[in-house]
Q: 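One structure is given below, represented as C-alpha cells, and several questions about it will come after.
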Amino acid sequence: MTPIVRRLKTRQQFLKVAGTRQKWVAPGLILQSRRRPAVEPPAPQTPIPIRSPRAEPLDDCIRVGFTVSKKVGNAVARNRARRRLRAAAATLVPQAGRAGHDYVLIGRKETLTRDFSDLMDDLRTALSRVGKKKPAKGQGTPYTKGRGKGIGQA
RNA sequence: CCAGACGGUCGGAUGGCUGCUUCGGGGCCGGUCCGCCGGCACCGGGGAGGAAAGUCCGGGCUCCACGGAAAUCGGGUGCCGGGUAACGCCCGGCGAGGGUGACCUUAGGGAAAGUGCAACAGAAAGCAAACCGCCGGUCCGGCAAGGUGCUUCGGCCCCAUCGCCCGGCCGGUAAGGGUGAAAGGGUGCGGUAAGAGCGCACCGCGCCAAGGGCAACCGCGGCGGCAUUGUAAACCCCACCUGGAGCAAGACCAAGUAGGGACGGCGGGCCUUAGUGCCAGACGGGUUUCCGCGUCGCCGUCCGGGUCGGUCGCGCGAGGCGUUCGGUAACGGGCGUCCCAGAUGAAUGGCCAUCCCCGAGAUUUGGCCUCGGCCUAAUUUCGGGACAGAACCCGGCUUAUAGACCGUCUGGCGUU
RNA sequence: UGGGGCGUAGCCAAGUGGUAAGGCAGCGGUUUUUGAUACCGCCAUUCGCAGGUUCGAUCCCUGCCGCCCCAG
C-alpha cells in the first residue's frame, strides 16, 4: 500500500521537523525527518466542527516539505532547485518513505548541477539512512566529521 | 572592405515519457433547503518577461463619514510648443557644449529683492579703492660738480640755476605687479609727463530694434565706449502641481470571545419651575484656519478577552494584432479581428533525444609553401548557450542581458 | 507593501564644501640584562560604485550595489 503524500506548509511544521535533529546530508540535498506521534482517534461524540489544514493529520500519511534558502541563488535558481527536489520526491517518497513521518528536503547549490540520477540516488539513500543512527552524542555522526571528503566519495 | 552613429525585431526549435495548475465537457460518488455544492478519475484547451527585476515617478481601484474653501507649512517640478488619463515620461523645436561627420550630451527660470560663501596663494576676492610701481610738481633734508670763504693743506662750512639719488608731502594714473578657478573687456595702431576706450579698426559685451516665429528664440540696422565676478544640485524669490493610506486595501461567510473591569483626576457657562434648550469643549488616519457635518462624558495608568479558516476582490483592459486616414513625430480617429496566466510553502515543470550557434582538440580533402605552419571544406569528441520568475492592474523610468537579424546614415580606403 | 538609517585603514570610528582627527591592532626605533610598561615614528589617494553641479566633493544632486532596523 502506498500511503497518501501531503505537503508541509507552515513555518511551525518545518520547525517541528527540524527540532528532531534527525537529518542526513547528501551531496545534492539534505533530508530531515520526524515521526509523528500516534494520535488516538478522537471520541466520536466530540464534533470537531472545522479543522484547520495546519493541524496535525490523524491518519498515517507522509508529509513532505521543501526549503531552498537564499544561499542557493536568486529566485530562478531557487525555483529550479525546488522543482528538481519535488520531481525526485514525487517518485521516491511513496516507495521509500515511511508512513506517519514528515520529511523536509533542503536544497543546496549542488542540487542545480548534479545529474538527476545521482540526485535520485542521494534521496534514496537518505530516505533509508535518516534516523537510523543516533544523532550527535559524543562520537561524531558519519557526516559531521567527514563532510569534506564525503562529497567526493558519495 | 574597414571603422562608426542611430532606430527596430527576436531572445533557442522540434519530438517523446511523466507531473502541476486553471477553464470547458460529459461520467461516477456524496450532500442538499432541489437553486445547487463538494470530491474522484477521463477527454480537450490555456499556462511567465523584455525586462516579470529595482520599487524611482504617474494613474486606475478600495477604504479613511470626507462635502466645500483658503492659507501657506511641507514636498515636488522648472527653456518653449505639442502628446497623454496623468507624469519627473515621450515627440518636435530653441539655447549652450562636444565630435571631421552621421550624431551625441544637457536639472537649461531668477544673481541690478535680500542674505551667505569664495580655502591656499595673492597688493587686492567683490566695491571699488588702498599698497608696490610709473609720471609730474613741491621744497624740507641729502649727494656731487661749480663758486666763495676758512684751513693744522687731510679737508670743512655756506649758497643757488641745472644734474642725480633717497626720504617726505601734494597730485595724476590703472598699462605693469612671482598669484589664482576667477583680477573692472582682448589684440593692434595712434596718443600721453606717465597712462587710460582717451581716439580709431577688428573681435567680444550690453541696450534699443525693422522683420520672422504660436512661443522659447533668431535678428537687418542703430546706439553705448564697457557697466551687473561666480555660486541658487547654498538659503532664497517667482511660476505651476500636490489630502492620506495601501489588495496584508476592502467586502462577505463560518466559527468563536467580548460588547469589558479596577484605580486616580477633571466634568465649564447661560436661560429656566423643569431639559430632550443654547453657548462652549473633546475627538473625527499624520500642517494650519474657516464653513458645514458626524460622534461623544473626557484624560491617564494597569488588568483581561478575540484573530491569522474559506470565498470574493481577481482580470474585457487608457487591451493585443492587422489595416487605413490625419499629423514632421510622439500620438489620435475609423474599420476588421482575437480573448491571451491567475498561483497562495505559491502552478506554469522534471528527464531524454535530435537539430542550430560558439570555442577547443583529433583525422581527412584541396591550395600556398621559407617543410614549419597558414587558409578552406568535411567528419568526430568534449565543453558552453545570457539576464532573469507574475503575486491587484496599467503608463513610464532605471538597472541586468550570451547571441542573432533587419533598416537608414556618416567617415576612410579600393575598383569601375 | 510602506518607512527609516548606514557604508571612511585589518577593527571601532570623528569629520559634512578647501590637503581625512583619534583609539585598538600591526611594523620600525628608544628606554630595559630580557620581557611588560612608557615614549617617538610609519600605516587611507577608488572615503561602497558610476555619472553630474562646483575653481574644488567624504560632504551637494541623480542612478546603482551591499547591509541593518521598524510597522503591518
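Chain letters run A, B, ... following the sequence lines, proteins first and then strands; every chain starts at 1.
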Q: Could you tell me the Watson-Crick or G-U partner of C:U46, where both distances fall under 3.5 Å? Say none if there is no partner.
A: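 Check on C:U46: unpaired, no WC or wobble geometry under 3.5 Å.
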Q: Whole Å only: how far is the CZ atom of A:R86 from the P atom of B:A347?
A: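 Distance check: A:R86 CZ to B:A347 P gives 6 Å.
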Q: Please report the distance separating the C1' of C:U45 from the corresponding atom of C:U32, rounded so that it comes out in whole Å.
A: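 One C1' to the other, the span is 40 Å.
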Q: When the P atoms of B:C308 and B:C351 are considered, how many whole Å apart are they?
A: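 My reading of the P atoms in B:C308 and B:C351 gives 40 Å.
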Q: Is the glycosidic torsion of B:A48 within 90° of 0, making it syn, or is it anti?
A: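 What B:A48 shows is a syn base, its glycosidic angle lying within 90° of 0.
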Q: If the P atom of C:C6 is compared with that of C:C60, how far apart are they to the nearest Å?
A: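 Rounded to whole Å, the distance is 10 Å.
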Q: Mind checking the C1' distance from B:G54 to B:U399? Whole angstroms is fine.
A: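 It comes out at 7 Å once rounded to the nearest Å.
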Q: How would you label the contact of A:N79 with the nucleic acid (heavy atoms, under 4.0 Å): base, sugar-phosphate, or nothing?
A: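 Result for A:N79 = base.
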Q: Between A:L29 and A:W24, is any pair of side-chain heavy atoms under 4.5 Å apart?
A: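 The answer is no, as the side chains (C-beta and beyond) never meet within the 4.5 Å cut-off.
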Q: Can you see if the side chain of A:R63 gets near the phosphate of B:G345 - specifically, an N or O under 4.0 Å from OP1 or OP2?
A: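 Checking A:R63 against B:G345: no side-chain N or O falls below 4.0 Å of OP1 or OP2.
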Q: Nearest-Å distance, CZ (A:R78) to C1' (B:G349)?
A: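 Whole-Å distance recorded here is 17 Å.
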Q: I need the NZ-P distance between A:K16 and B:G345, as an integer number of Å.
A: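 These atoms are roughly 18 Å apart.
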Q: Between B:C271 and B:C279, how far is it from one P atom to the other, in whole Å?
A: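 That atom pair is separated by 16 Å.
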Q: For the pair made of CG in A:L92 and P in B:C351, what is the distance, rounded to whole Å?
A: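 Between P of B:C351 and CG of A:L92: 14 Å.
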Q: At under 4.0 Å between heavy atoms, what does A:R84 touch on the DNA or RNA strands: base, sugar-phosphate, or nothing?
A: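 The answer is sugar-phosphate, as A:R84 gets under 4.0 Å only of primed atoms, P, OP1 or OP2.
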Q: A:D122 and salt bridge (Lys or Arg N to Asp or Glu O under 4.0 Å): which single residue from A:R84, A:R114, A:R108 fits?
A: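 One option only clears the test, and that one is A:R114.
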Q: When we call it a touch if two heavy atoms are under 4.0 Å apart, what does A:T67 touch: a base, just sugar-phosphate, or nothing?
A: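 Contact class for A:T67: base.
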Q: How long is the straight-line distance from CZ of A:F66 back to CG of A:L8, given to the nearest 0.5 Å?
A: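 Between A:L8 CG and A:F66 CZ, I get 9.0 Å after rounding to 0.5 Å.
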Q: Run the salt-bridge test on A:D102 and A:K16 with the 4.0 Å N-O cut-off and return the result as yes or no.
A: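 Not counted as a salt bridge, because no side-chain N and carboxylate O are separated by less than 4.0 Å.
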Q: Can you tell me if A:F116 is stacked onto the base of B:G350, using a 5.5 Å centroid cut-off and an angle below 30°?
A: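 No, A:F116 does not stack on the base of B:G350, since the centre distance and plane angle fail the 5.5 Å and 30° test.
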Q: Rounded off to whole Å, could you give me the CZ-to-P distance for the A:R7 and B:A343 pair?
A: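 Computing the A:R7:CZ to B:A343:P distance gives 16 Å.
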Q: Nearest whole Å is fine: how far is B:A346 P from A:L85 CG?
A: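 So the CG-P distance, A:L85 to B:A346, works out to 12 Å.
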Q: Which part of the nucleic acid, if any, lies within reach of A:A90 when heavy atoms closer than 4.0 Å are counted: base, sugar-phosphate only, or nothing?
A: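 Touches nothing.
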Q: Using atom P of each nucleotide, how far apart are B:G110 and B:A102 to the nearest Å?
A: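 To the nearest whole Å, 30 Å.
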Q: Using the C1' atom as the reference point in each nucleotide, state the distance between B:A125 and B:G224 in Å, no decimals.
A: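 29 Å, rounded to whole Å.
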Q: Given atom CZ of A:F66 and atom C1' of B:A347, what is their separation to the nearest angstrom?
A: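 Those two atoms, CZ and C1', are 14 Å apart.
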Q: A:N74 or A:R83: which one's nearest nucleotide on RNA chain B is closer to the 5' end?
A: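 It is A:R83, whose closest nucleotide lies nearer the 5' terminus.
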Q: Would you measure the distance from the C1' atom in B:A174 across to the matching atom in B:C131 and give it in whole Å?
A: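 One C1' to the other, the span is 13 Å.
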Q: What is the base-pairing partner of B:U363, counting Watson-Crick and G-U wobble geometry with both distances under 3.5 Å?
A: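 Across any shown strand, B:U363 pairs with B:A378.
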Q: Rounded to the nearest 0.5 Å, how far does CZ of A:R78 lie from NZ of A:K71?
A: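 Rounded to the nearest 0.5 Å, the NZ-CZ separation comes out at 13.5 Å.
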Q: Once you round it to whole Å, what is the distance between C1' of B:G350 and CG of A:L105?
A: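 Whole-Å distance recorded here is 15 Å.
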Q: Counting only side-chain N and O atoms of A:R82, is one of them less than 4.0 Å from OP1 or OP2 of B:A347?
A: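 Yes.
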Q: Using side-chain heavy atoms (C-beta onward) and a distance below 4.5 Å, is A:T111 in contact with A:V72?
A: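 They are not in contact (no side-chain heavy atoms under 4.5 Å apart), so the answer is no.
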Q: Between A:L8 and A:R80, which has a closest nucleotide on RNA chain B that is more 5'?
A: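 By nearest-heavy-atom nucleotide position, the 5'-most residue is A:L8.
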Q: Kindly write out the residues that satisfy side-chain hydrogen bond (donor to acceptor under 3.5 Å, both in side chains) with A:N79, not counting sequence neighbours, or none if the list is empty.
A: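 Once residues adjacent in sequence are excluded, the partners of A:N79 under the side-chain hydrogen bond (donor to acceptor under 3.5 Å, both in side chains) criterion are A:R82.
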